[in-house]
Amino acid sequence: MTGIISDNVGRTSGLIKAASGGGGVWTKIKTLTASADATLDFVDGSDDVTLDSTYPIYLFKFINIHPATDGANFQFQGNASGGSGFNETITSTLFDAWSKEDGSNSSMAYNSNDLAQETVFQRLTDTGGNGNDECCSGYLQLFNPSDTTFVKHFISVANTYYSDDFTVQTFGAGYFNTTSAIDEIQFKFTSGNTDAGKIKLYGLGDS
Amino acid sequence: MSGIIAQNTLDNSGLIKAPAGGGAWNFIKKLTASASGDLSFVDGTSDVVLDSTYKEYLFTFNNIHPATDDVLFSVNFSADTGSNYNVTKTTTYVYTEHGENDAGGAVNYNAGRDLAQSTGVQTLMSDVGADADQSLSGELFLFNPSSTTFVKHFISRNTSGIKNDYNLGTHVAGYANTTSAVDAVQFKMSSGNIDLGDICLYGLTT
């Protein structure tokens, strides 16, 4: 991109017209880079994280998340505003599609690691491998977390290098069954640290 | 939006610098339900852009709350700028369900919700509950609606708290089987109004 007036990007008024519609793009809020971390936390108001009414939709992209422990599952939970602990009540659904590298096994099925009014962590992936080139990537979309009328919906998609040389795609959906605002999200593995990888938080504007 | 130099939108060269790079979602329009019979996006009306400006469009559903319990939330397309929402569609419909009481827990194809060359509405979510804290959220991607060569593909994912306190997730995909441009999209419930909620429209700069 070139241009003499280069600082008008994103402005919607003034002498120079900028991007159509002004806001509404996915705005990057924060990147956390794992380095043998037990948890990766996004807390509204801390460390430049915004997770409030600024955006109606938030998107977490997790990229090349590598577990320290073979066979661990990547997962998340939330904390309500004013609450303590990542232990909100969740009801959810989960299913997988998979295929083995040697072509011997491919199918899809419901994954019983769903939640029914439970306060434990919600899985995003199936069993991840910790070989040097093994990891998982995907996204978690959170709708209107600051709302105080409705439950808080989420959907997720992830692909995992399964520990037995499978690719596994995992689809999740559900809700935090609370009318309190959710302003903190934590990611971690079922066992061991998050050895490497990035989680990026974006907000989608609606004006 | 205002500005003396208005025609540089989406240009990425010249004296005036335009939007950063490509691949950005641009906000177009937000419709907020308030006991609404439907929510319709019509190209050229009320600042809605739904034409060749963008090759991909995204509709987001935020806490869509029905006035009536146990209803279907649906979409349909128009090729005549909203005069008729009756474009022929062929689609697939996969759903997951799981009760707050731990009942169910399944992924299934629902042959009763897909369409085969039908002009009727496409269900995006079924059994939507009208409890005070119940609603649905999700998204629908519409690809190249202005094409006059190809059919118009769409993909939608949604989640909801539904009647009987279940979580329902839906995966809907298909195409509007027309080579006419699709220039209007309508969302509504199978019965009763859309009481509350927002639907936003975005276009992807490529």
Side-chain angles (χ1 to χ4, degrees), chain A residues 1-26 56-57 89-96 108-112 114-118 141 143-144 147 149-155 157 171-175 177-179 204-207, chain B residues 1-10 12-21 24-28 30 49 53 60-63 65 96-103 105-107 132-139 157-161 165-171 196 198 200 202-203 205:
Chain A
M1 180 178 293
T2 61
I4 291 174
I5 300 174
S6 60
D7 52 351
N8 76 316
V9 174
R11 293 182 181 175
T12 57
S13 63
L15 287 175
I16 310 302
K17 184 175 179 179
S20 176
V25 298
W26 286 107
I57 298 178
T89 300
I90 294 175
T91 294
S92 65
T93 63
L94 202 65
F95 74 98
D96 297 326
M108 63 170 285
Y110 193 78
N111 186 326
S112 61
D114 56 5
L115 300 180
Q117 297 294 88
E118 295 169 75
Q141 206 162 318
F143 295 87
N144 222 3
D147 177 83
T149 301
F150 298 109
V151 303
K152 312 301 178 298
H153 297 121
F154 60 82
I155 56 178
V157 179
F171 299 90
Y175 48 84
N177 197 357
T178 176
T179 55
L204 181 64
D206 65 348
S207 61
Chain B
M1 182 179 289
S2 62
I4 290 176
I5 302 175
Q7 69 271 39
N8 77 315
T9 301
L10 304 180
N12 58 14
S13 64
L15 287 175
I16 309 303
K17 184 174 181 179
W25 287 104
N26 298 277
F27 173 78
I28 298 171
K30 175 180 178 179
V49 175
T53 303
T60 60
F61 317 127
N62 251 317
N63 296 133
H65 179 77
T96 54
E97 62 175 356
H98 188 213
E100 292 183 1
N101 62 357
D102 207 18
V107 56
D133 65 347
Q134 290 182 325
S135 64
L136 72 93
S137 298
E139 60 198 8
R157 282 201 69 195
N158 308 283
T159 183
S160 180
D165 297 330
Y166 269 61
N167 173 228
L168 190 67
T170 60
H171 302 254
L196 298 167
D198 298 326
C200 292
Y202 303 85
T205 305

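In what follows, every chain begins at residue 1, and chains take the letters A, B, ... in the order their sequences are listed. Remember, it's a predicted structure, so these values are computed and weren't measured experimentally.
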Quiz prompt | Contacts of B/Asp133 that satisfy salt bridge (Lys or Arg N to Asp or Glu O under 4.0 Å) - sequence neighbours left out | solution =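 Applying salt bridge (Lys or Arg N to Asp or Glu O under 4.0 Å) to B/Asp133 gives none.
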
So does [Y] get a backbone contact from the side chain of [X], meaning a donor-acceptor N/O pair under 3.5 Å?
X        : Y        : value
B/His98  : A/Ser92  : yes
B/Ser137 : B/Asn63  : yes
A/Asp147 : A/Phe150 : yes

Quiz item: Is there side-chain contact between A/Phe154 and A/Ile90, with at least one heavy-atom pair below 4.5 Å?
Solution: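 The answer is yes, as the side chains (C-beta and beyond) meet within the 4.5 Å cut-off.
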
Practice problem: Counting only heavy atoms closer than 4.5 Å, note whether B/Leu168 contacts chain A via side chain, backbone, both or neither. | Solution: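 Neither; nothing under 4.5 Å.
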
Quiz item: By a 4.5 Å heavy-atom criterion (distance strictly below it), what part of B/Glu100 contacts chain A: side chain, backbone, both, or neither?
Solution: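 Interface part for B/Glu100: both.
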
Please state whether the side chain, the backbone, both or neither of [X] comes within less than 4.5 Å of a heavy atom of chain B.
X        : answer
A/Thr149 : both
A/Glu118 : neither
A/Phe95  : side chain
A/Asn177 : side chain

Quiz item: B/Asn158: what forms a side-chain contact (heavy atoms from CB on, under 4.5 Å) with it, not counting sequence neighbours?
Solution: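 Applying side-chain contact (heavy atoms from CB on, under 4.5 Å) to B/Asn158 gives B/Phe61, B/Leu124, B/Met125, B/Ser156, B/Thr170.
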
Practice problem: Find the one option among B/Ala106, B/Gly161, B/Gly203, B/Cys200 whose heavy-atom pairs under 4.5 Å with chain A are most numerous. | Solution: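 When all of B/Ala106, B/Gly161, B/Gly203, B/Cys200 are compared, B/Ala106 has the most.
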
Self-check item: Pick from B/Ala103, B/Gly99, B/Ser160 with the largest number of heavy-atom pairs that fall under 4.5 Å of chain A
Solution: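 Top option by heavy-atom pairs under 4.5 Å: B/Ser160.
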
